[in-house]
Amino acid sequence: MIRTLVTKHVSKSTIFQPSSLATVRCFAAAPAGGKVERTALYDFHVKNGGKIVNFGGYNLPVQYSDQGISASHLHTRKFVSIFDVSHMLQTYIRGKDAVECMESVCTADIRGAANGSGSLTVFTNDQGCILDDLIVTKVQEDLLYVVSNAAMKSQDMSIMETAVNKFRSQGKDVAIEFLTSADQSLIALQGPTAVEALSSLTPADLTKLYFMNTLVTEVAGVKNCRITRCGYTGEDGVEISIPSSHVEQVTEALLQQTKQQVKMAGLGARDSLRLEAGLCLYGSDIDNKTTPIEAALAWLVAKRRRAEENFPGAQIVNKQLKEGVQRRRVGLKMDPSAKPPPARAGVEIYKDEQKVGHITSGCPSPSLNINIAMGYIKEEYKQAGCPVQLKIRDRFYSAEVAKMPFVKTTYYVKPKQ
């Protein structure tokens, strides 16, 4: 049974109204019954000027009073910001059959991964479409650490629990543990000075912790913190899983690293940062009607898994890999000369007066000072540089298909041997 934190009444003066915030596109409604959860950092956010919104049934900061969203975005690109991502689902899967069990529902080659390393992957259905994206870390041969999306928490729990129960009914050794935000929090420290800020607070040698690798260590005097070198901004940085009883202590210690200029950041900057990095938002850019191939995520389907065809929808995915698809996810840059409004989700893409696709995410890019977007377009128009028109409020604006990421990523990858 998963325990939840139910919020008390929050006054209207505390809750920031997102309707005026064009940069953030997706504020999910509260779950049925009106229950809204708080992370362990809720009071900390309010105390530090966080403007709170309901995001996927959680009260989370969209920005802070000390800087606007664009300023927070640029601060992250130049220095470092802390994001509260405790609403994400953290899961441990244990047992000698844990790898085989998890591979039965996702596309990653977990068996071939080195201990302590992880990979982005997707849950798929029998049609080869994406049920969610997630990170699976092979801590060791019989222990997996999984982080998946808050909005799909109930579904993801069901997918993994059903797989575990199926394996257990066959006499196999596997067990599952879902962590709750009441017990375990997750913060993301992102930006060029992120690891420098963290290094003074931990005995771990972070110079050997490469992108998508993990370790457990002490942070700011708090034991049993899991540091994973990853994030959702395109910048170097880490996600830190911390016992909720001590998450404020760790967050405050990080903010005291004034040399590295650590600041808090919210959902608004997180959304524009991930879009500049060409990263998908589940429910907008990928969903249960989209395959990894259509989403330009074929690299998530590991070579061994393609050959074995033992994940849901494998034959359909392999057929698309061989024969191609009719549409593809692409990036788009708008021509700034006409001073266009940003292209939001649902905006139609035209080519030679014919509708050829639609936008799934879009915003002004603080780093590039132009409007950027991603969406799906007919396969024949997917090449970078292809001129198109975007129809916004019955007016057409010039744009072109662009390579992603829009801004160069700076992940701390292991040097090639």
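Because only heavy atoms are used, hydrogens play no part in the values below, and waters and symmetry mates are left out as well, while side chains stay in.
- When each of V146, L179, L144, I176 is checked for a side chain to side chain contact (heavy atoms under 4.5 Å, CB included) with Y92, only L179 meets the rule.
- A heavy-atom distance below 4.5 Å is found between the side chains of Y376 and H358.
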- Task: Give the intermediate values and the outcome of ring-ring contact (aromatic ring centres under 6.0 Å, His included) for residues Y210 and Y412.
- Result: CA-CA 6 Å; Y210 298 107; Y412 186 68; 5.3 Å; yes

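- A heavy-atom distance below 4.5 Å is not found between the side chains of P336 and N371.
- Of all the heavy atoms in L120 and L300, the pair that sits closest is O-CD2, 3.4 Å.
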- Under the side-chain hydrogen bond (donor to acceptor under 3.5 Å, both in side chains) criterion, do T360 and R329 qualify, and how do the steps go? CA-CA 9 Å; T360 55; R329 182 176 65 93; over 6 Å; no

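- Residues R229 and D236 are paired through a salt bridge, judged by an N-O separation under 4.0 Å between the basic side chain and the carboxylate.
- Side-chain contact check for F44 versus D84: every heavy-atom pair is 4.5 Å or farther apart.
- Using a 4.5 Å heavy-atom threshold, the side chains of K153 and M157 count as touching.
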Using a 3.5 Å cut-off and no angle test, enumerate the donor-acceptor pairs between side-chain atoms of residues 258-269 and protein atoms at least two apart in sequence or in another chain.
from: Q260; atom 1: NE2; to: E196; atom 2: OE2; distance (Å): 3.0

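- For the pair L134 and M102, the minimum side-chain heavy-atom distance is below 4.5 Å.
- Minimum heavy-atom separation, R38 to D43: NH1-OD1, 4.4 Å.
- Nearest heavy-atom pair across C106 and R305 is O-NH1, 2.9 Å.
- Between V80 and Q257 the shortest side-chain heavy-atom distance does not fall below 4.5 Å.
- Inter-residue side-chain proximity for P405 and E276 is flagged as unmet; no heavy-atom pair is nearer than 4.5 Å.
- At a threshold of 4.5 Å between non-hydrogen side-chain atoms, the residues S241 and L186 count as touching.
- Using a 4.0 Å cut-off between a side-chain N of Lys or Arg and a carboxylate O of Asp or Glu, R304 and E103 qualify as a salt bridge.
- To the nearest 0.5 Å, the span separating CD1 on I130 from CG on D287 amounts to 8.0 Å.
- Interatomic distance, D156 CG to N149 CG, rounded to the nearest 0.5 Å: 7.0 Å.
- Residue T217 holds its OG1 atom at 8.0 Å from CG of L206, rounded to the nearest 0.5 Å.
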